[in-house]
Participant: 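Before I ask anything, let me first share the structure, which is written out below as structure tokens.
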Amino acid sequence: MINGEIKANIIASQKVHERYGGVVPELASRAHQQNIIPVVYEAIKAAGISKKDLSAIAFTRGPGLLGSLIVGTCFSKSLAMALNIPLVEVNHMQGHVLAHFIKNETDTQPEFPFICLTVSGGHTQIVLVKDYFDMEVLGETIDDAAGEAFDKAAKIMGIPYPGGPLIDEYARSGDPKKYQFPISNLDGYNFSFSGLKTSILYFLRKEIAKQPNFIDENLNDICASYQHTIIKALFKKLVKATRDYNIKTVAIAGGVSANSLLRSELKRIGQQEKWQTFIPDFQYCTDNAGMIAIAGYYKFQKGEFVGQDITPDARLKIN
Ligand code: KG4
Ligand code: ZN
């Protein structure tokens, strides 16, 4: 990133997890270790600069898988030390939210305060964003994240990891009302998705007992119905929060914000509720370097640096 503009956003996707139906932490850290230097070199080359042009290094301190965070933290410390430039720590979840401030074609950015639904493989949060680094979690999942609900159902159906994008694809030609799955009824703005995962498991077991090819023959309808249930659960709480807090500026972020139904429902419900809605560019939805760079950029401008004694925090809170 140069002066708030992203110059390169290189992503090394980790295929090693596909066959396990979920991220294997040790394999993730090994893949980070293997990829981090080549990815940084590629980014520097793509940006058309040299290492010596860098004025600070921003890195993810957490939350996330500790082994992967350690690799990123150690590498960033070493590079900052070698180049004698400042080090900036970024909270991964703040990064997802701040991806909305990356310059885009329409050049529109949400105004504070706004509400952001941050939905990823590890988190599901309704966040009241008062300022760049002043965020309050109004509600979150008490068990599985929305992305996890997609991925675990995919695993049950034999769809490779990460299943979210594939369920999205199959759902496009399915009937969202064909099968009914329950949504949790928690008070406030919290979510629960573990019951949903169990309900699809029992539902499929029952149907397969009657008809062994049930999944193959009804895949699109199963995916559409399941996806519809997750999105409905998300909007139930999102609408409640925006009404209670009287906020009309609403954004979505995180890997699941790449979901086509979530994106179209945000526009449809947003019109009904008279929201001004914000959806990140596709490339800034799932984990990416751009979102860490923009968060780092705002901290850099405030002179918020960290020392070489900084350590990663797998459970780092958003505020
Ligand atoms: O933000 P992210 O890249 O990583 C975490 O911080 O967890 O989110 C990854 C999650 C995965 O669970 C993946 O299945 C989900 O985002 N995802 C989707 C879609 N694209 C990614 N879920 C539903 N529909 C999609 N199109
Ligand atoms: Zn993420």
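In each ligand, atom 1 is the first atom listed, and ligand 1 is the first ligand listed. We use all heavy atoms of the structure for the numbers below, so side chains are in, but hydrogens, waters and symmetry mates are not.
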Participant: Return yes or no for this condition: an N or O of Asn259 is under 3.5 Å from an N or O of ligand 1.
Facilitator: yes
Participant: Among all protein heavy atoms, pick out the one at the shortest distance from atom 14 (O) of ligand 1; state its residue, atom name and that distance to 0.1 Å.
Facilitator: Asp151 OD1, 2.6 Å
Participant: Using 2.8 Å as the cut-off, note every protein N, O or S atom close to the Zn ion (ligand 2).
Facilitator: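 Hits for the Zn ion (ligand 2) below 2.8 Å: His92 NE2, His96 NE2, Asp287 OD1.
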Participant: Between Phe112 and Phe101 (judged by ring centroids, cut-off 6.0 Å), do the two rings come close enough to count as a pair?
Facilitator: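 Yes.
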Participant: Could you pull out all donor-acceptor pairs under 3.5 Å where a side-chain atom in residues 36-45 meets a protein atom, sequence neighbours excluded?
Facilitator:
residue	atom	partner	partner atom	Å
Tyr41	OH	Lys51	NZ	3.3

Participant: Pairs in or reaching into residues 278-319: which pass ring pair (Phe, Tyr, Trp, His ring centres under 6.0 Å), with residues at least two apart or in two chains?
Facilitator: Tyr132-Tyr298, Phe300-Phe305
Participant: Any N/O of His92 closer than 3.5 Å to an N/O of ligand 1?
Facilitator: yes
Participant: Distance to 0.1 Å, residue and atom name: give those for the protein heavy atom nearest to atom 26 (N) of ligand 1.
Facilitator: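 For atom 26 (N) of ligand 1, the nearest protein heavy atom comes out as Asp168 OD2, 2.9 Å.
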Participant: Look only at interatomic distance and state if Pro162 has a nitrogen or oxygen under 3.5 Å from any nitrogen or oxygen of ligand 1.
Facilitator: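 Between Pro162 and ligand 1 (N or O atoms, distance only) the closest approach is not under 3.5 Å.
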Participant: Looking just at side-chain N and O atoms, do Asp143 and Ser192 make a donor-acceptor pair shorter than 3.5 Å?
Facilitator: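 There is such a pair (donor and acceptor under 3.5 Å, judged by atom type) between the side chains of Asp143 and Ser192.
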Participant: At less than 4.0 angstrom from any non-hydrogen atom of Gly122, what atoms of ligand 1 do you find?
Facilitator: 7 (O)
Participant: Is there a polar contact, in the sense of an N or O pair closer than 3.5 Å, between Thr286 and ligand 1?
Facilitator: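 No: no nitrogen or oxygen of Thr286 is under 3.5 Å from one in ligand 1.
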Participant: With side chains defined as the heavy atoms from C-beta onward, is the minimum distance between Met93 and Gln125 less than 4.5 Å?
Facilitator: yes
Participant: Hey, are Asn288 and Gln283 close enough side-chain-wise for a donor-acceptor pair under 3.5 Å?
Facilitator: no
Participant: Relative to ligand 1, is His96 under 4.0 angstrom through side chain, backbone, both or neither, heavy atoms considered?
Facilitator: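 The answer is the side chain.
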Participant: What pairs of donor and acceptor atoms, side-chain ones from residues 165-178 against any protein atom, are under 3.5 angstrom apart with sequence neighbours left out?
Facilitator:
residue	atom	partner	partner atom	Å
Asp168	OD1	Arg172	NH2	3.4
Asp168	OD1	Ser260	OG	2.5
Asp168	OD2	Ser260	N	2.9
Ser173	OG	Asn220	ND2	3.4
Asp175	OD1	Lys177	N	2.9
Lys178	NZ	Asp221	OD2	3.1

Participant: Output yes when a side-chain donor or acceptor of Tyr245 lies under 3.5 Å from a complementary backbone atom of Leu138, and no otherwise.
Facilitator: no
Participant: Considering only heavy atoms, which of Gly22, Gly255, Gly121 lies nearest to atom 17 (N) of ligand 1?
Facilitator: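 Comparing heavy atoms across Gly22, Gly255, Gly121, the nearest one to atom 17 (N) of ligand 1 lies in Gly255.
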Participant: Strictly below 4.0 Å, N to O, side chains only: are Arg243 and Glu273 in salt-bridge contact?
Facilitator: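 Answer for the salt bridge query: yes.
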Participant: Among all the protein's non-hydrogen atoms, which is closest to atom 5 (C) of ligand 1, and how far away is it?
Facilitator: Asp287 OD2, 3.5 Å
Participant: Which ligand 1 atoms does Gly147 reach within 4.0 Å, using its non-hydrogen atoms?
Facilitator: 12 (O)
Participant: For atom NZ of Lys302, is the number of surrounding heavy atoms from other residues, nucleotides or ligands below 6.0 Å larger than 12?
Facilitator: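 Buried by this count: over 12 neighbours within 6.0 Å.
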Participant: With a sphere of 6.0 Å drawn around CD of Gln308, does it hold more than 12 non-hydrogen atoms of other residues, nucleotides or ligands?
Facilitator: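 Yes, enclosed.
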Participant: Less than 4.5 Å apart, any side-chain heavy atom of Asn218 and any of Gln211?
Facilitator: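 Yes, close enough: below the 4.5 Å cut-off.
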Participant: Would the distance check show the side chain of Gln94 and the main-chain N or O of Ile318 forming a donor-acceptor pair, the cut-off being under 3.5 Å?
Facilitator: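 Checked: pair present.
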Participant: Against heavy atoms of Ala258, which atoms of ligand 1 measure under 4.0 Å?
Facilitator: 20 (N), 26 (N)
Participant: To check your reading of the model: name the closest protein heavy atom to atom 15 (C) of ligand 1, its residue, and the distance in Å.
Facilitator: Val256 CG2, 3.9 Å
Participant: Is the closest N or O pair between Gly164 and ligand 1 shorter than 3.5 Å?
Facilitator: yes
